[in-house]
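Structure first, commentary second.
Nothing fancy with the numbering, it's 1 onward along the sequence. Owing to the predicted nature of the structure, the values given are computational and were not obtained by experimental measurement.
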Amino acid sequence: MEINILKEQEAATLREMIAASHRIVICCHKSPDGDAIGSSLGWFYYLQSLGKNSTICVPDMIPDAISWLPGTEEIIRYDKQPEAVKAAFTNADLVFCLDFNGASRLDEMEPVLTSYQGKKVMIDHHLDPFMSVDLLISHPHMSSTSELIFRIVWQLDGFTQMGNQWATCIYCGMMTDTGGFVYNSNEPVIYLIISELLTKNIDKDKIYRKVFNNYSTNSIRFRGHIMDKKLRVFENLHASYYCVTRKEMEQYHFIKGDLEGLVNEPLRIRGLKFSISLREDTEVKNRVLVSLRSVDDFPCNEVAAKFFNGGGHLNASGGKLMTTIEEAEQIACKAIEAYAHLLQ
């Protein structure tokens, strides 16, 4: 099985850009998930092994479930230290954009990236990249950006010198973006990569527990409340949605990450093909954050683009609406009805 992913010219260009750079910034999308942080830290450790000075900048809070990853204490948050992030970009001679396909995914941090005049490299696995960069490494069929980082480091002959911390971050990123390797993970090479990561003495079982068994009592009660009181199932259409309001989040003392992965839960229902999560944003009024999950060949990404100003992968996508939660609920119903022919 082939692990190398770069064309010969891409590999040469990437080597040259890194070699010519002294101060490097790595950035990822708003509300960073396990893959965004795992791939960023993985690339950080690789650059560090080359003796490069690099800084990771993220738009906002890292969820508690992945905040334990080695190296997160070095990450700079734009919402907490905007001037430090701006200074990092100003002083950088190379910026790596990981796990996002366009600058708008950085939200409030977008102007910092778009105003940067130096060289940029995008490494991503989302569909339809729409940002101008000097080197684009885009492979939407990959399980995760973390898988891409592994393959690149392998191809650049960096694997041997990488250690346990690097491997832990890469494995965590791959694991979280596949829901514990239960979707978007049928390629045999994924398990070859995992076997190589295990040679770095990672504890994959402990990584799983730290990520997926990391909820507070309030969070468990909140998740139960939503499944009991808020889940609406269209039995004949094999689809569901639920809405989460600010009031409910206050009632259950919500913190970021408390509802991570809950959108997958309705897919446990026999025959269910499509699940939608609608959650009021805690920061911006009348903004609703949308997550979509599906099974088999139902196109989450198509629905996200058409109804929710978003996109993503076939079985896992996201978006957002500048509406009230009630209006968002109506849109979700329309989306389900519009795709009834694929759901029945």
F181 ring center within less than 6.0 Å of Y171 ring center: yes

Plane angle bin for F234 and Y241 - parallel if under 30°, tilted between 30 and 60°, otherwise perpendicular: tilted

Under 3.5 Å donor-acceptor, Y116 side chain and A92 backbone: yes

Residue list, ring-ring contact (aromatic ring centres under 6.0 Å, His included) with Y252, at least two apart or on another chain: F222, H225

Residues, nucleotides or ligands: over 12 heavy atoms within 6.0 Å of K210 NZ: yes

Salt bridge (charged side-chain N to carboxylate O under 4.0 Å, His left out) partners of D157, counting only residues at least two apart: R15

Axial cation check for Y339 ring with K273, 6.0 Å and 45° limits: no

Sub-4.5 Å side-chain heavy-atom contact between M142 and E187: no

Any donor-acceptor pair under 3.5 Å from N101 side chain to L127 backbone: yes

Evaluation steps, ring pair (Phe, Tyr, Trp, His ring centres under 6.0 Å), between Y46 and W166: CA-CA 8 Å; Y46 171 67; W166 174 83; 8.4 Å; no

E73 atom CD, over 12 foreign heavy atoms within 6.0 Å: yes

P129 side chain reached by L136 side chain, heavy atoms, under 4.5 Å: yes

Main-chain N/O of H22 paired to D93 side chain as donor or acceptor, under 3.5 Å: yes

More than 12 heavy atoms from other groups under 6.0 Å of NZ on K200: yes

Geometric cation-pi criterion, R232 with Y242: 6.0 Å, 45°: no

Close side-chain approach of R270 to H238, heavy-atom, < 4.5 Å: no

Salt bridge (Lys or Arg N to Asp or Glu O under 4.0 Å) partner of K256, chosen from D79, D60, D64: D60

Parallel, tilted or perpendicular: ring planes of H126 versus H29, cut at 30 and 60 degrees: perpendicular

